[in-house]
Amino acid sequence: MAAQIWGSEKRARRRREISAKIAQMPELHDSKPLPFMTREEKIMESARKLTILTEKMGQIIDPTDPAELYHLNNEVLGLEGNPMALHGVMFIPALSAQASDEQQAKWLPRALRREIIGTYAQTELGHGTNLQNLETTATYDLATQEFVLHTPQITALKWWPGNLGKSSNYAVVVAHMIIKAKNYGPHPFMVQLRDEKTHEPLPGITIGDIGPKMAYNIVDNGFLGFNKYRIPRTNLLMRHTKVEADGTYIKPPHAKINYSAMVHVRAYMLTGQAIMLASALNIATRYSSVRRQGQIDKSQPEVKVLEYQTQQHRLFPSIARAYAFQFAGAETVKLYEHVLKEMKSGNVSLMADLHALTSGLKSVVTYQTGEGIEQARMACGGHGYSMASYISEIYGVAIGGCTYEGENMVMLLQLARYLVKSAALVKSGQSSKLGPLVAYLGVKSEPTSLIDRIPNSGFTEYVKTFQHVSKRQTLKAADMFFGLMEKGEKREIAWNKCSVELNRASRLHTRLFIVEAFVRRVNEIADIRIKEALTDLLHLHVNYELLDIASYALEDGFLSASQLDYIRDQVYLYLGKIRPNAVSLLDSWEFSDIELRSVLGRRDGNVYENLFKWAKSSPLNKTDVLSSVTQYLKPMMEKARL
Ligand SMILES: CCCCCCCCCC/C=C\C/C=C/C(=O)SCCNC(=O)CCNC(=O)[C@H](O)C(C)(C)COP(=O)(O)OP(=O)(O)OC[C@H]1O[C@@H](n2cnc3c(N)ncnc32)[C@H](O)[C@@H]1OP(=O)(O)O
Ligand SMILES: Cc1cc2nc3c(=O)[nH]c(=O)nc-3n(C[C@H](O)[C@H](O)[C@H](O)COP(=O)(O)OP(=O)(O)OC[C@H]3O[C@@H](n4cnc5c(N)ncnc54)[C@H](O)[C@@H]3O)c2cc1C
């Protein structure tokens, strides 16, 4: 099963080897539990481990393999980020995709050797979503052949970029490029921020940390202002766009090609989210099979809380989602790598499809991951609320994904643009022009679902039902939009008035893709036992998801009330079937105790003793009487007694 999760037997074996090596290297372990550290201590601890990793990484992993790097990162540095998180996640990808060969030769080896630390500085205090209204400017000075970076007002301060505040000395900065008074829109520039020897900010740069956040507090998300700060013309990233010495602008082959670093993260973050969901579920499911509370049959002893159907219903559909996200994520990464290769050789024709797909997936996956992790926390009762479970930290980090790389509603609307264009093709009889991901929009469906009518139909009838609801909602939302415009409404106003319906279509389309990716994967599996276990999980997935969106299928009679009862019964049937495999389905992800960082989710199940040990190690317990008591509470009580 681990081979299915991680992509191959070799990958699963490598993960095990890497975890085993890390277990033997105490210098790479947290020196004390992260929740007991201050933010400064955590950053220091993370930087300490990071420097050891830079020295010893080659002994542990193949540093050119992103999957091995990601695993090493999760085990040693953890989810809360690190002082170089954005260096690998966005700075290097931005340089790789957007810098010319000559620029790459100059900067990439230095970045890869970690001689310099970089980030991706795009979002500002006043604007994050609407890139066209970013306010930082890069004005070309023809006389000196330099760009002058400037922050005209407080809202133009860069705000949020990870590791910008304290750790990075370089950044890819996105600014409006102005040449001879003409604004060419946002473009990426390579900018040195700090002196390489002293790490002091360079003159003309104002920089710092934006303060503590809901989670991710090891990352120094920062602010950045420029006061007429000059950089050479050749620091504009020039793989696709060029500015010649005389100010001549050569436009890129696709208007949005400079957005590729964002698409990179949107594609890769899906499996990251799956891992966080599976981690929280691993903790909750293990704990649920240790925790005994109450009786189902009063004549029997107390049961493990995992025996309760409500507990299973709370956890198991999310287990199925974690697998589904992992499989859909793996497909998306493959597609991304293919499109990136094509883009590098000048073929930009697949960019729109990739943008639409990653926009929808990013939104649905992060939202459902957040939901699943929060349910996992509640499933652990009181102990879930303790930082000893570590679930609250996982939650805080995961839901950051609903916001970064494009706020979820906004990204769903990006997918909706693609769906509406596709609906227009269907309506004008040009279905043959539909791309493969939306081809179903042009296919006539049966009048009713055959879900419970065709025995042994595999998952075909389910897929058809998901296709039906997605198609219907897409065409309905598109009709609403076109109808408003026909009535004379301006395009943008009509769009806004339909946007809730449009986003519903985007979610349904994305959920269909996730179901299809799961079905594709299960169909590929040769090993009978693995196939059986995953088929059970897929049964739970399709029935649970369909129940969740049933109103769309009920409203036009595609599903009947009796079919809904059938689907509900299937959910209960598969909850029971999955119960014996539940812990194994999560243990198959092979998270080590070091990686999980959870007292509650320990592999050995020795929860209570370790919770007590954890509590005793709280800094508050170093002394029996705190100074808050001697200074304030004790005198208060004494005064009251007089
Ligand atoms: C090994 C890696 C492991 C990864 C693990 C993950 C861990 C991550 C940890 C890091 C944590 C945090 C990092 C966070 C970083 C950031 O958040 S960076 C900042 C991100 N910011 C955003 O995402 C901003 C969102 N806004 C946008 O993207 C754009 O503004 C928006 C697309 C909404 C609109 O752009 P405009 O330029 O204004 O567009 P417009 O002129 O209206 O045109 C729309 C048009 O353009 C098409 N389009 C847009 N984007 C793309 C694209 N990327 N590719 C192709 N096409 C694109 C769009 O489809 C429209 O086309 P149409 O034909 O006109 O419909
Ligand atoms: C943990 C974290 C890490 C980050 N790291 C980085 C980084 O490394 N580099 C970087 O540059 N940035 C980074 N960011 C910033 C992030 O990319 C932005 O916050 C994000 O893109 C959302 O933009 P915003 O803050 O402007 O939200 P807003 O756009 O202000 O969103 C507020 C509300 O308005 C709604 N809204 C906005 N526009 C529309 C619209 N057109 N239609 C409908 N609704 C709309 C949204 O849906 C939302 O409900 C990070 C953010 C976080 C939380």
Side-chain angles (χ1 to χ4, degrees), residues 65-71 73-74 79 81-82 85-94 119-134 158-165 168 171-174 185-186 210 213-217 219-222 224 254-276 329 333 336 339 343 348-359 362-363 366 396-421 492 495-496 499-500 502-503:
D65 183 330
E68 293 200 3
L69 256 171
Y70 194 58
H71 177 51
N73 183 71
N74 278 356
L79 295 172
N82 66 77
L86 265 288
H87 183 80
V89 169
M90 288 196 90
F91 180 65
I92 289 177
T119 182
Y120 183 80
Q122 179 175 286
T123 307
E124 296 174 355
L125 191 52
H127 291 89
T129 294
N130 184 7
L131 302 181
Q132 303 302 333
N133 276 27
L134 291 177
K158 292 292 169 194
W159 199 276
W160 269 114
N163 309 127
L164 171 67
S168 300
V172 169
V173 173
V174 178
I210 64 168
K213 297 142 303 203
M214 188 166 167
Y216 259 137
N217 279 305
V219 180
D220 46 314
N221 293 79
L224 165 68
H254 188 292
K256 309 297 175 191
I257 205 159
N258 288 331
Y259 293 178
S260 68
M262 289 183 275
V263 182
H264 170 88
V265 182
R266 288 176 201 142
Y268 271 93
M269 68 191 277
L270 305 172
T271 50
Q273 292 277 324
I275 289 170
M276 286 189 271
V333 164
Y336 167 79
V339 177
M343 268 164 59
V348 293
S349 63
L350 294 170
M351 276 178 58
D353 301 63
L354 179 68
H355 173 57
L357 177 69
T358 49
S359 297
K362 178 259 178 227
S363 307
T366 55
V397 171
I399 60 162
C402 298
T403 307
Y404 67 65
E405 294 309 347
E407 208 286 323
N408 277 355
M409 294 295 167
V410 175
M411 299 324 288
L412 287 170
L413 286 169
Q414 287 292 304
L415 167 57
R417 289 171 77 116
Y418 181 87
L419 292 178
V420 166
K421 274 193 204 165
E492 296 78 6
W495 184 262
N496 190 39
S499 52
V500 171
L502 288 164
N503 275 2

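Order of listing sets the numbers, starting from 1, for every ligand and every atom in it.
With sequence neighbours excluded, the residues satisfying side-chain contact (heavy atoms from CB on, under 4.5 Å) with Asn496 are Ser499. Partners of Trp160 under the ring-ring contact (aromatic ring centres under 6.0 Å, His included) rule, at least two apart in sequence or in another chain, do not exist in this structure.
Interface of Leu86 with ligand 2, defined as ligand atoms under 4.0 Å from a residue heavy atom, comprises 8 (O). Numbered from 1 in the order shown, with element, the atoms of ligand 2 that lie under 4.0 Å from a heavy atom of Glu405 read 17 (O). Counting atoms of ligand 2 from 1 in the listed order, those under 4.0 Å from a heavy atom of Gln122 are 11 (O). Heavy-atom proximity to Thr403, at under 4.0 Å, picks out these atoms of ligand 2: 19 (O), 20 (C), 21 (O), 22 (C). Each of the following atoms of ligand 2 lies closer than 4.0 Å to a heavy atom of Met409: 47 (O).
Protein heavy atom closest to atom 6 (C) of ligand 2, with residue, atom name and distance, is Trp160 O, 3.7 Å. The nearest protein atom to atom 45 (C) of ligand 2, hydrogens excluded, is given as Val410 CG2, 3.7 Å; this is a heavy-atom distance. Among protein heavy atoms, the minimum distance from atom 15 (C) of ligand 2 is reached at Thr123 OG1, 3.2 Å. Scanning the protein for heavy atoms near atom 26 (O) of ligand 2, the closest one is Gly128 N, 2.9 Å. The shortest contact between atom 7 (C) of ligand 2 and any protein heavy atom is with Pro161 CA, 3.3 Å. Regarding atom 8 (O) of ligand 2, its nearest protein heavy-atom neighbour is Gly162 N, 3.0 Å. Nearest protein neighbour of atom 29 (O) of ligand 2, counting heavy atoms only, is Thr129 OG1, 2.5 Å.
Contact check for Met90 versus Val172: no side-chain heavy atoms found under the 4.5 Å cut-off. When side chains are defined from C-beta on, Tyr268 counts as touching Val333, because their heavy atoms get closer than 4.5 Å. At a threshold of 4.5 Å between non-hydrogen side-chain atoms, the residues Arg417 and Gln414 count as touching. Side chains of Leu413 and Trp495 form a contact here, defined as non-hydrogen atoms less than 4.5 Å apart.
Contacts between Leu413 and ligand 2, counted as non-hydrogen atom pairs separated by less than 4.0 Å, involve the side chain only. Looking at Asn221 against ligand 2, only its side chain comes within 4.0 Å, counting heavy atoms.
With hydrogens and angles disregarded, no donor-acceptor distance shorter than 3.5 Å links the side chain of Lys158 to the backbone of Tyr120. Checking side-chain atoms of Ser363 against main-chain N and O of Asn408 turns up a donor-acceptor pair under 3.5 Å. In this structure, Glu407 contributes its side chain and Met409 its backbone to a donor-acceptor pair below 3.5 Å. At least one donor-acceptor pair under 3.5 Å links the side chain of Lys362 to the backbone N or O of Gly401. Between the side chain of His264 and the backbone N or O of Pro93, no donor-acceptor pair lies under 3.5 Å. At distances below 3.5 Å, not a single donor-acceptor pair connects side-chain atoms of Gln132 with backbone N or O atoms of Gly185.
Between Glu407 and ligand 2, a contact under 3.5 Å exists for at least one N or O pair. Residue Tyr120 places at least one N or O, backbone or side chain, under 3.5 Å from an N or O of ligand 2. Looking at Trp159 next to ligand 2, no N or O pair under 3.5 Å apart turns up.
Nearest approach of Tyr418 to Asp353, heavy atoms of both residues: OH-OD2, 2.8 Å. Contact record, Leu79 with Met276: CD2-CG, 3.8 Å, taken as the closest heavy-atom pair. For the pair Asn82 and Val219, the tightest heavy-atom approach, listed with the atom from each and the gap, is N-CG2, 4.0 Å.
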Donor-acceptor contacts, no H, no angles, side chain residues 254-262, under 3.5 Å, sequence neighbours left out:
{"unit_1": "His254", "atom_1": "ND1", "unit_2": "Lys256", "atom_2": "N", "d": "3.0"}
{"unit_1": "Ser260", "atom_1": "OG", "unit_2": "Gln98", "atom_2": "NE2", "d": "2.9"}

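Enumerated by chain and number, the residues approaching ligand 1 to less than 4.0 Å through a heavy atom are Tyr70, Met90, Tyr120, Gln122, Thr123, Gly128, Thr129, Leu131, Gln132, Tyr216, His254, Lys256, Tyr259, Met262, Val263, Arg266, Tyr268, Met269, Met351, His355, Tyr404, Glu405, Gly406, Val410, Gln414, Arg417, Lys421.
There is no protein heavy atom closer than 4.0 angstrom to atom 32 (C) of ligand 2. Closer than 4.0 Å to atom 38 (N) of ligand 2 lies at least one heavy atom of the protein. For atom 41 (N) of ligand 2, the nearest protein heavy atom lies 4.0 Å or farther away.
Contact between Lys158 and ligand 2 is absent, with no heavy atom of the residue lying under 4.0 Å from the ligand.
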